[in-house]
2 protein chains.
Amino acid sequence: METTREKLINATFDELFSHGYQGASLADILAKAGVHKGSMYHFFANKKEMALAAIEETILKKNLEKYSYVETYTSGFLEEFYTRLRDTSVRDFKRGCPIANVVQEMSNIDEDFNSLMKSIYGAFRANVKAIFDKAVEVGEMKPCDTTKLALFTTSTIEGAILSAKATGNAQDYGDVIEELIEHIEGKR
Amino acid sequence: METTREKLINATFDELFSHGYQGASLADILAKAGVHKGSMYHFFANKKEMALAAIEETILKKNLEKYSYVETYTSGFLEEFYTRLRDTSVRDFKRGCPIANVVQEMSNIDEDFNSLMKSIYGAFRANVKAIFDKAVEVGEMKPCDTTKLALFTTSTIEGAILSAKATGNAQDYGDVIEELIEHIEGKR
DNA sequence: TTGAAGCTTGACTAATCGGTCAAATTTTGT
DNA sequence: ACAAAATTTGACCGATTAGTCAAGCTTCAA
């Protein structure tokens with residue numbers, strides 16, 4: 001069963017993803033979650049704390065699901081990475097990337113959001129770097145500056161999602177990803 | 001002299017850039033502009049119309065300044081493009097890219113914003129494509145799918161700005177741009 | 001000089017915002 | 001069974017939100 005706290009976290013994340021933090025209405029979140037206001041303030045000190053918790057917990061969970069394969073695979077790191085990159089079924093191009101949305105909106109406004117986004121973004125980059133490091137280790141890729149390549153890769157992915165959101169054309173994401181993969185393949 | 005309307009446009013753009021649309025306070029904009037509320041409603045129907053006007057007019061002006069060189073140059077298109085890409089003095093990594101910020105925040109919320117951002121983003125892409133087309137024309141670059149390359153380039157630039165904003169490290173932008181230039185140079 | 005148009009002033013409204021709180025209810029441990 | 005703790009309820013608060021409007025001022029044309 002979904003606890004009250006879970007209901008709130010889920011409704012908050014969805015509302016944040018749709019309307020951003022400043023556009024998120026507590027009343028809407030509460031209605032969506034089917035939870036009363038006082039009940040919410042029992043679990044969270046304020047709107048901001050609830051939002052930070054929603055982002056942190058949700059993204060952490062998704063990250064774990066998405067990059068844990070690196071631990072279990074022994075080869076085909078790049079191919080698996082490409083496959084997951086190409087998979088658009090997990091993407092919502094209308095709403096874009098939940099991380100990037102909050103980074104754009106809140107990084108320069110609030111220090112706590114900035115700090116959280118920094119760590120999430122850093123984890124994303126570290127996960128991609130780990131894939132490249134593994135690829136180098138097993139000879140799928142020539143030794144190179146994997147830190148820089150991971151930075152380039154994550155930046156381009158975020159840019160691709162943004163492009164698709166701006167134009168409303170999911171194919172834009174696919175086109176950028178293909179060119180990105182070409183670029184990475186150049187490092188074989 | 002700065003007209004009342006110009007004061008409003010400038011103050012609105014700055015406030016939008018700093019706090020986003022939903023976070024932009026009319027009271028703050030009016031205070032910054034030194035204009036009274038009734039006066040503002042004399043020039044604009046509402047907050048949204050003023051915001052749309054501020055974005056459109058400001059971005060159009062900047063775009064004109066930034067890409068008009070393509071019309072006057074006869075060679076060195078890529079080099080000039082790289083130089084401008086590398087120039088970080090015009091960038092505000094704390095606030096990021098004003099276009100991307102509004103795309104992220106508003107594209108999926110309001111159709112009028114979505115439509116405006118679509119056309120601005122399209123113009124950005126068209127400007128970059130025009131540079132590549134010129135470069136191909138004068139033999140600085142092998143013929144290739146310049147539409148796709150322009151999409152890739154603009155996406156990566158936006159991603160680079162986002163990365164620098166997320167980490168607070170301007171060098172991230174520089175690193176991504178260098179790798180991007182390497183990629184484009186591969187098309188020589 | 002006069003009148004109309006353009007512009008400015010600032011008080012006002014209704015709605016929504018995030019947040020508080022005391023009382024009622026349910027759950028839990030003993 | 002009982003008490004204590006955890007949770008829920010919903011009315012209420014002050015502040016802020018975008019937006020309205022009638023009156024006054026300034027500019028300019030005839």
Side-chain angles (χ1 to χ4, degrees), chain A residues 1-58 101-102 105-114 116, chain B residues 1-57 101-102 105-106 108-114 116:
Chain A
M1 199 208 92
E2 208 180 15
T3 67
T4 299
R5 191 178 183 284
E6 283 164 352
K7 281 184 204 163
L8 286 169
I9 289 285
N10 293 337
T12 300
F13 187 81
D14 190 68
E15 176 78 2
L16 281 180
F17 196 7
S18 294
H19 300 291
Y21 175 72
Q22 298 176 113
S25 153
L26 262 188
D28 288 356
I29 293 173
L30 294 171
K32 195 180 296 184
V35 169
H36 289 266
K37 187 169 273 193
S39 204
M40 173 223 137
Y41 278 96
H42 173 75
F43 289 101
F44 301 100
N46 48 45
K47 179 189 174 187
K48 183 172 138 183
E49 292 304 317
M50 184 165 70
L52 290 170
I55 295 168
E56 184 167 8
E57 294 173 24
T58 309
N101 289 0
V102 180
E105 184 190 1
M106 297 303 295
S107 277
N108 60 317
I109 293 179
D110 184 278
E111 186 45 46
D112 293 318
F113 275 95
N114 180 245
L116 176 60
Chain B
M1 199 208 91
E2 208 180 14
T3 67
T4 299
R5 191 178 184 283
E6 283 164 352
K7 280 184 205 164
L8 286 168
I9 290 287
N10 294 337
T12 301
F13 187 81
D14 190 69
E15 175 78 3
L16 282 179
F17 196 6
S18 293
H19 300 291
Y21 175 71
Q22 299 177 112
S25 154
L26 220 38
D28 288 356
I29 293 173
L30 295 171
K32 196 180 294 183
V35 169
H36 288 267
K37 186 168 272 192
S39 203
M40 173 224 137
Y41 277 96
H42 174 74
F43 290 100
F44 301 100
N46 48 47
K47 178 189 174 186
K48 182 172 139 183
E49 292 304 317
M50 183 164 73
L52 290 170
I55 295 168
E56 183 167 10
E57 294 172 24
N101 289 359
V102 180
E105 183 189 1
M106 297 303 295
N108 60 316
I109 292 180
D110 183 278
E111 186 45 47
D112 294 316
F113 275 96
N114 180 244
L116 176 60

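Naming: A, B, ... by sequence-line order, numbering from 1 per chain. Just the heavy atoms: all of them, side chains too, but no hydrogens, waters or symmetry mates, feed the values below.
In this structure, CD1 on I9(A) lies 12.0 Å from OG1 on T4(A), to the nearest 0.5 angstrom. Rounding to the nearest 0.5 angstrom, the gap separating the OG1 atom in T12(A) from the CG atom in L26(A) is 8.0 Å. In this structure, D110(B) CG and L52(B) CG are separated by 7.0 Å, a value rounded to the nearest 0.5 Å.
Among residue pairs with one or both ends in residues 17-28 of chain A, none qualify as salt bridge (Lys or Arg N to Asp or Glu O under 4.0 Å); sequence neighbours excluded. Screening residues 16-25 of chain B for side-chain hydrogen bond (donor to acceptor under 3.5 Å, both in side chains) gives S18(B)-R95(B), Q22(B)-E105(B) as the qualifying pairs, with residues at least two apart or on separate chains.
Nearest heavy atom pair, residue N108(A) against residue F17(B), reads ND2-O, 4.2 Å. Counting all heavy atoms, side chain and backbone alike, E2(A) lies closest to E6(A) at CA-OE1, 3.3 Å.
Between Y41(A) and dT20(C) there is no side-chain N or O to OP1 or OP2 distance below 4.0 Å.
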Identify the pairs formed between an N or O of the protein and an N or O of nucleotides 5-10 of chain C at a distance under 3.5 Å, and give each distance.
from, atom 1, to, atom 2, distance (Å)
dC7(C), OP2, H42(B), NE2, 3.1
dT8(C), OP1, T4(B), OG1, 2.7
dT8(C), OP2, S39(B), OG, 2.7
dT8(C), O5', S39(B), OG, 3.4
dG10(C), OP2, H36(B), NE2, 3.2
dG10(C), O6, G38(B), N, 3.1

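Counting heavy atoms from C-beta on, the side chains of N114(B) and E111(B) come closer than 4.5 Å.
Taking 4.0 Å as the cutoff to heavy atoms of chain A, we find the contact window on DNA chain D bounded by dT7(D) to dG10(D).
Listed by residue number, A24(B), S25(B), L26(B) are the residues of residues 17-30 of chain B with a heavy-atom contact under 4.0 Å to DNA chain D.
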Show every donor-acceptor pair shorter than 3.5 Å between a side-chain atom in residues 29-46 of chain B and any protein atom, with sequence neighbours excluded, or say none if there are none.
from, atom 1, to, atom 2, distance (Å)
K32(B), NZ, D14(B), OD2, 3.1
K32(B), NZ, E15(B), OE1, 3.3
N46(B), OD1, K48(B), N, 3.3
N46(B), OD1, E49(B), N, 2.9

